[in-house]
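The first residue in the sequence is number 1, and the count goes up from there.
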Amino acid sequence: GKSIQSSKQSVAYSWNFVVGVLQLTDNAVNDLSPDVYHGKITWTRGQVGNDYGEIMLYDFYQGNTSQISSGNDSNFTPVIWSNRVAWRRGRGTTSSTYKRSVYYYNGSTVQEIAQATSGRYSLAIDTTGIVWRSCKRNYQNSRDTMHIEYYRFSTGQILGLDSFREYYGRGYGRVDISGEKIVWDHAFNESNSRNDVYLFDGNGIQNLTNTPDSSNRIPVISDGQVAWVRQAETGRPTTICFNDGQNNRRISEGVFCYSPEINKGKVLWYENEGGYQYTLHYYTGRKDTLLSQGSSTWGYYFIPWSVNNNHAVWTQFKNSTTNNATCYDGNAIINLVDDPTINTSRIEVHDGFVVYDAWDGYDYEIYLYLADTLFTPPAVVKNLQCEVLGGKFPARKVKLTWKANTEPDLFGYKIYRSNIPYQYGTTPYGTILTPETTFTDTLPSEGMNYYVATAYDNQNNENGFSN
């Protein structure tokens, strides 16, 4: 139903979820650019025709909305983790007005954590802190000075992770965070012909890619696994690469692939097949699934926004001015908006809560789609190790060990085996109940054996593959 109040009792409290769209706002102002963490939803509220305004926070379970910014009316694009929200403040593009400050709401109070001394881009938040790209613009030759900055919740201080010069750095690059692991693309020259993906693990920094003949851009991270775009220095192809926690590999077959998003071993991206043809890809660890395709003369057809658990969300091209909100729930594609007159500027998903904004003919409003909110699998298994025991085949054995997961509803682990790397079936080779974190293969196949592990909970919700 459209009204939150009329459906709140049946939806929020009795847990009798009815799949459908709820309109969270209905007013004469712009409500846009939402983000979500389970039942907490944040967005920007401003005047019609304006992307700036105040930051709002809605609690699905309590059914209330509050303004958490201080009334400056220049706040925009919030991000959320749990009940913590971060956003940028400031407007303008000239040499004196492009600078942005960063604000942080800790669940009860708001503080400015970075003053408006630089441009701020690519804001991201997770369990340990907030990260962003800080830019000192060069208006003479566009060789911007970029800084990667990390605000740690535990210390309340900003840690500078990296600094480099990059051509038009204000418009390129990304930084992302998962736990205390942070990834970004570091520029080695001002022409952007060589970039590598750097990883901060909480203590030190390592170069994940180290490919002098390529440019590695737009990294994203989840559960210690990383996806990014790689382009050869001499030009195309542009492919999607994946680090499973130990090894790098290419996971796309196309040649013009862009904008990856990642969560628990699953990766979403789009590909330009040449000309005006576009396809949307969803990699599950077992295979690359083609979700949708279309044609556009405007340089894109899909804008991947988010992937979480078994859901992927994106905006899909309708015409030169509109993109419609779309969701894949693990089984089928749902067109949340299917109207060439309605535009969506942002869509996000977390734990089956899908939020997006949509133009209603006068202004933007916020909508909530309830998908499968009970599918919340454990984190990806980390640090899978292999030890060969015994002598030659067939006497040898293979012992596997891994780091224990910590979820309270964890039930066990599943082991998959194959003679071909990265090609695993749907039937596990072995099943181990918690708290055990070892498995011995007493009958390995002759030749090479490849193994991965997954974790599953007491509802048999299973995550993606380990390394």
Side-chain angles (χ1 to χ4, degrees), residues 208-211 222-228 230 237 239-255 257 260 262-269 271 279 281-291 307 310 330 377-405 410-434 436-457 460-467:
L208 272 188
T209 50
N210 197 23
T211 52
S222 170
D223 287 349
Q225 299 181 330
V226 184
W228 68 93
R230 172 174 291 174
T239 58
I240 303 299
C241 294
F242 178 73
N243 177 282
D244 61 16
Q246 288 191 348
N247 302 300
N248 296 345
R249 68 180 187 272
R250 169 180 160 176
I251 59 174
S252 68
E253 297 300 327
V255 294
C257 300
I262 187 172
N263 179 260
K264 295 183 179 178
K266 299 178 175 65
V267 185
L268 179 74
W269 72 89
E271 174 191 352
T279 53
H281 295 260
Y282 183 60
Y283 176 76
T284 64
R286 291 186 172 90
K287 62 179 181 178
D288 172 8
T289 300
L290 178 63
L291 288 184
V307 57
N310 210 31
V380 170
V381 173
K382 298 178 177 65
N383 199 30
L384 181 67
Q385 302 291 328
C386 173
E387 180 183 2
V388 178
L389 308 175
K392 296 182 178 181
F393 182 85
R396 79 167 52 121
K397 301 177 182 179
V398 177
K399 182 180 179 181
L400 304 176
T401 60
W402 57 89
K403 182 179 179 180
N405 281 45
L410 181 71
F411 200 75
Y413 305 90
K414 297 179 182 180
I415 304 297
Y416 296 86
R417 189 185 78 177
S418 175
N419 296 118
I420 304 173
Y422 312 121
Q423 295 187 25
Y424 303 96
T426 57
T427 302
Y429 180 67
T431 301
I432 303 94
L433 299 181
T434 187
E436 185 62 60
T437 57
T438 64
F439 173 81
T440 301
D441 185 359
T442 59
L443 296 171
S445 300
E446 186 173 7
M448 290 297 295
N449 291 267
Y450 299 89
Y451 301 87
V452 291
T454 64
Y456 67 100
D457 62 20
N460 202 33
N461 296 322
E462 185 179 6
N463 59 21
F465 291 144
S466 66
N467 58 289

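Looking at heavy atoms from C-beta onward, V452 lies in side-chain contact with Y424 at the 4.5 angstrom threshold. Side-chain contact between H281 and L290: present, with at least one pair of heavy atoms (C-beta onward) separated by less than 4.5 Å. By the 4.5 Å heavy-atom criterion applied to side chains, P260 and L268 are not counted as neighbours. At a threshold of 4.5 Å between non-hydrogen side-chain atoms, the residues W402 and N383 do not count as touching. Residues N449 and N419 meet the side-chain proximity criterion, which asks for heavy atoms closer than 4.5 Å. Counting heavy atoms from C-beta on, the side chains of F242 and I262 come closer than 4.5 Å. Two residues are said to be in side-chain contact when any heavy atoms from C-beta on lie closer than 4.5 Å; Y283 and V307 fail this criterion. Proximity of R396 to L389: side-chain heavy atoms (C-beta onward) are nowhere separated by under 4.5 Å.
Annotation: cation-pi pair R249/Y422 present, NZ/CZ under 6.0 Å from the ring centroid and within 45° of its normal.
Atom CG of N263 is separated from atom CD of Q225 by 10.0 Å, given to the nearest 0.5 angstrom. A distance of 8.0 Å separates CZ of R250 from SG of C241, quoted to the nearest 0.5 Å. In this structure, CG in L384 is found 11.0 Å from OG1 in T437, a value given to the nearest 0.5 Å. Going from atom OH of Y429 over to atom OG of S418 covers 12.0 Å, rounded to the nearest 0.5 Å. In this structure, NZ on K264 lies 15.5 Å from OG1 on T284, to the nearest 0.5 angstrom. Annotation: the span from D288 atom CG to I240 atom CD1 amounts to 10.0 Å, rounded to 0.5 Å.
Contact record, V380 with G265: CG2-N, 4.0 Å, taken as the closest heavy-atom pair. Closest approach of I415 to I432, counting heavy atoms only: CG1-CD1, 3.4 Å. In terms of heavy-atom proximity, V381 sits nearest to S466 at O-CB, 3.1 Å. Scanning both residues, V398 and C386, for their nearest heavy atoms gives CG1-SG, 3.4 Å. Of all heavy-atom pairs between F439 and G430, the closest is CE1-CA, 4.1 Å.
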Practice task
Give the C-alpha distance, both sets of side-chain angles, the deciding distance and a yes or no for side-chain contact (heavy atoms from CB on, under 4.5 Å) between C257 and T239.
Solution key: CA-CA 5 Å; C257 300; T239 58; 5.5 Å; no

Exercise for the section: Verify side-chain contact (heavy atoms from CB on, under 4.5 Å) between T440 and L400, making sure each step is shown before the conclusion. Expected result: CA-CA 6 Å; T440 301; L400 304 176; over 6 Å; no

Exercise for the section: Quick one: do K266 and S222 satisfy side-chain contact (heavy atoms from CB on, under 4.5 Å)? Show the steps, please. Expected result: CA-CA 9 Å; K266 299 178 175 65; S222 170; over 6 Å; no

Problem - Working for side-chain hydrogen bond (donor to acceptor under 3.5 Å, both in side chains), residues N460 and K414 - result: CA-CA 11 Å; N460 202 33; K414 297 179 182 180; 3.2 Å; yes

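In this structure, Y456 has its ring center at least 6.0 angstrom away from the ring center of Y413. Aromatic rings from Y416 and F465 are positioned such that their centres are separated by under 6.0 Å.
Not one N or O on the side chain of T401 forms a donor-acceptor pair closer than 3.5 Å with the backbone of T438. Without hydrogens or angle criteria, N405 side chain to P378 main chain gives no donor-acceptor distance under 3.5 Å.
For the side-chain hydrogen bond (donor to acceptor under 3.5 Å, both in side chains) test, no residue two or more places apart in sequence or in another chain qualifies with W269. For T454, the side-chain hydrogen bond (donor to acceptor under 3.5 Å, both in side chains) partners are E462, not counting sequence neighbours.
N467 pairs in a side chain to side chain donor-acceptor pair (under 3.5 Å) with only one of the listed residues (Q385, K382, Q246), which is Q246.
Ion pair K399/D441 not flagged as a salt bridge, since none of the NZ, NE, NH1 or NH2 atoms sits closer than 4.0 Å to an Asp/Glu carboxylate oxygen.
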